[in-house]
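Start at 1 and go down the list; that is how both ligands and their atoms are numbered. Please read these numbers as outputs of a predicted model, since none were measured by experiment.
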Amino acid sequence: MIPPPPMELIQRRTSRSDSAAPAGHKVMALLSLVRIFGFSLFQSLASADGGVLGEARVAKRCYCDLQLSDGPFPHLQLEQLYRVSENCSQRLNVPRFKEPVDEIVQLEQKLKSLAERINEFEEEYDGELYSIISFRIIEIEIAELTDMLNQVQEKCSRNQDDITDVDMQAQNITSKVNELEKYDRLKIVREHRRNNILKRSLSSCKSALFVTPTPYVTPQSGSCSFGRLKAVSYPKSSMLNHFGTSYSYGSWGKDPLPAPGKEDLYWLVIMFSSNRFGSKIRVYNSYSKFLIKGTFVDMTFKTYNVQGSGGTMYGDAYYYNCYNLGKLCRFDMTTHEVIHVTLPFAGFNDKFPYCTLSACYLYTDMDLATDENGLWVLYATEFNFGNLVVSRLNETDLSVLESWNTTLYKRSATNAFLVCGVVYATRYLSPEIEEIFYMFDTTSGVERNDLSIQFRKILPGIQYMNYNPRDRKLYVYSDAYIVSYSLIFFE
Ligand SMILES: *[C@@H]1O[C@H](CO)[C@@H](O)[C@H](O)[C@H]1NC(C)=O
Ligand SMILES: *[C@@H]1O[C@H](CO)[C@@H](O)[C@H](O)[C@H]1NC(C)=O
Ligand SMILES: *[C@@H]1O[C@H](CO)[C@@H](O)[C@H](O)[C@H]1NC(C)=O
Ligand SMILES: *[C@@H]1O[C@H](CO)[C@@H](O)[C@H](O)[C@H]1NC(C)=O
């Protein structure tokens, strides 16, 4: 008579749950959704994990006993058992069983970071002002998690048949081990099993703690002593631009070198026709006015209008590519005077724009940039074969102070910005993800195109991107949405 298997070896296989609830429009709904996800995740983890680890337990137990038993212990039976359990572990060790486990770990990480961001969102949530911020990105995340969860469940259920088979084998082994235990005078088999059960719960506990959040390094303000770029945060804020969805090209931000009294001023320049032409700059004197689309001031560029979404604000002036010319313009925010200077050899009028694989961003030939060192322009020349050229500018008279030729073909990047004299360029990976893949250090001349700093987008397109050294944020204009990110640096 074979005794029934002990309770701890009976493996639960259920991983189904009705967790694909739609994303609600209330924070509380989001939180309860996370709880449902969390629960079903736990279930899936228990089932996938149980199958893989069950084998280790059996195999180890058998091996030990062979070494230490004596007297009338049935060696032959044990050896046979060992062979069967080995066969069993081989069958369990195939990649398709491991795959869902990896995915579950990933899913768990994503859930954790989502939960953190929902907490942040809740803290910032004040009823109306911030209600739009960060919300869309959370919605996208939840949709993505639901998708992932469905995939994992599908895989798990495909493995179900194999698991049932292996499970039966494992139960057979368990019964036989129980039988053999009767001969185990030194209680070695039993103790060994206890140890393994302990080990197992320890290791599943560990894998639950596997997620280690990246430590946030606060860089020294106003200095370049902090290291290379490590990561880009999730979007810290996002909202539709103030003129509506039809304006998919524009630029916005905050002056990194503001005139006294204008420290909290936010600016916005929209391309009003053909995604090419801008005629005015709109300013809000505080972030809350900017958010609620409150009182603003419009200033028009009387002589030289704006071409493209590459312009930026620095030291109380707006710098941009003058309309239909190979020139840079500087619009003084106080006097409203415009000066214009030819940027030597620079391609313009869509000669060297930024591009994705399938399309280009119109009139992005000259991209103004700011960093700790001042004002820069990113462009391309025929001399440099259409590759990116970076020049530091004298912000008073727009003359070029220094220039570097890079080997990055400008059309192979979707945008670029500078931090501490280092150029970073991005490329399009998917509608949701953009990647910083390239850097050029103007101080050392070091150039690399193997970076992989990915960050999440709200919409697929990136028409404008600039770093503000004062608040160390990245300001982005993305298919009519205005978005900001924090940057994280190596220590
Ligand atoms: C061992 O596993 C293989 C499949 O990997 C199976 O065909 C075979 O029957 C198994 N042998 C025993 C003794 O269970
Ligand atoms: C389990 O044991 C029974 C009887 O000992 C045997 O008929 C059956 O084939 C075994 N199943 C597996 C999966 O090894
Ligand atoms: C960039 O390349 C052009 C063409 O070869 C050359 O004339 C220019 O001097 C180079 N600039 C720098 C800073 O090396
Ligand atoms: C920038 O240009 C102004 C006006 O031409 C000049 O006075 C100043 O010295 C220049 N600054 C630098 C750093 O070259």
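Close approach of ligand 3 to F383 (heavy-atom distance below 4.0 Å) involves ligand atoms 4 (C). Near D397, meaning under 4.0 Å from any of its heavy atoms, are these atoms of ligand 4: 2 (O), 4 (C), 5 (O). Residue contact check: L401 has heavy atoms under 4.0 Å from atoms 14 (O) of ligand 4. Of all the atoms in ligand 3, the ones that sit under 4.0 Å from a non-hydrogen atom of S403 are 13 (C).
Under the 30°/60° scheme for interplanar angles, the aromatic rings of Y266 and Y287 are found to be tilted. Relative ring orientation between F277 and Y323 is described as perpendicular, the plane-to-plane angle rising above 60° on a 0-90° scale split at 30° and 60°. Y319 and Y314 have tilted rings, their planes meeting at an angle from 30° to 60° on a 0 to 90° scale.
Residues Y354 and Q463 have side chains that never bring a donor and an acceptor to within less than 3.5 angstrom of each other.
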Applying salt bridge (Lys or Arg N to Asp or Glu O under 4.0 Å), run through D441 and R228 and close with a yes or a no. CA-CA 10 Å; D441 188 337; R228 295 260 159 83; 3.1 Å; yes

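The pair E263-R470 does not count as a salt bridge, with every side-chain nitrogen at least 4.0 angstrom from each carboxylate oxygen.
There is no protein heavy atom less than 4.0 angstrom from atom 7 (O) of ligand 4. Protein heavy atoms are found less than 4.0 angstrom from atom 11 (N) of ligand 3.
Residue, atom and distance of the protein heavy atom nearest to atom 2 (O) of ligand 4 are N394 ND2, 2.2 Å.
Looking at N405 next to ligand 3, an N or O pair under 3.5 Å apart turns up.
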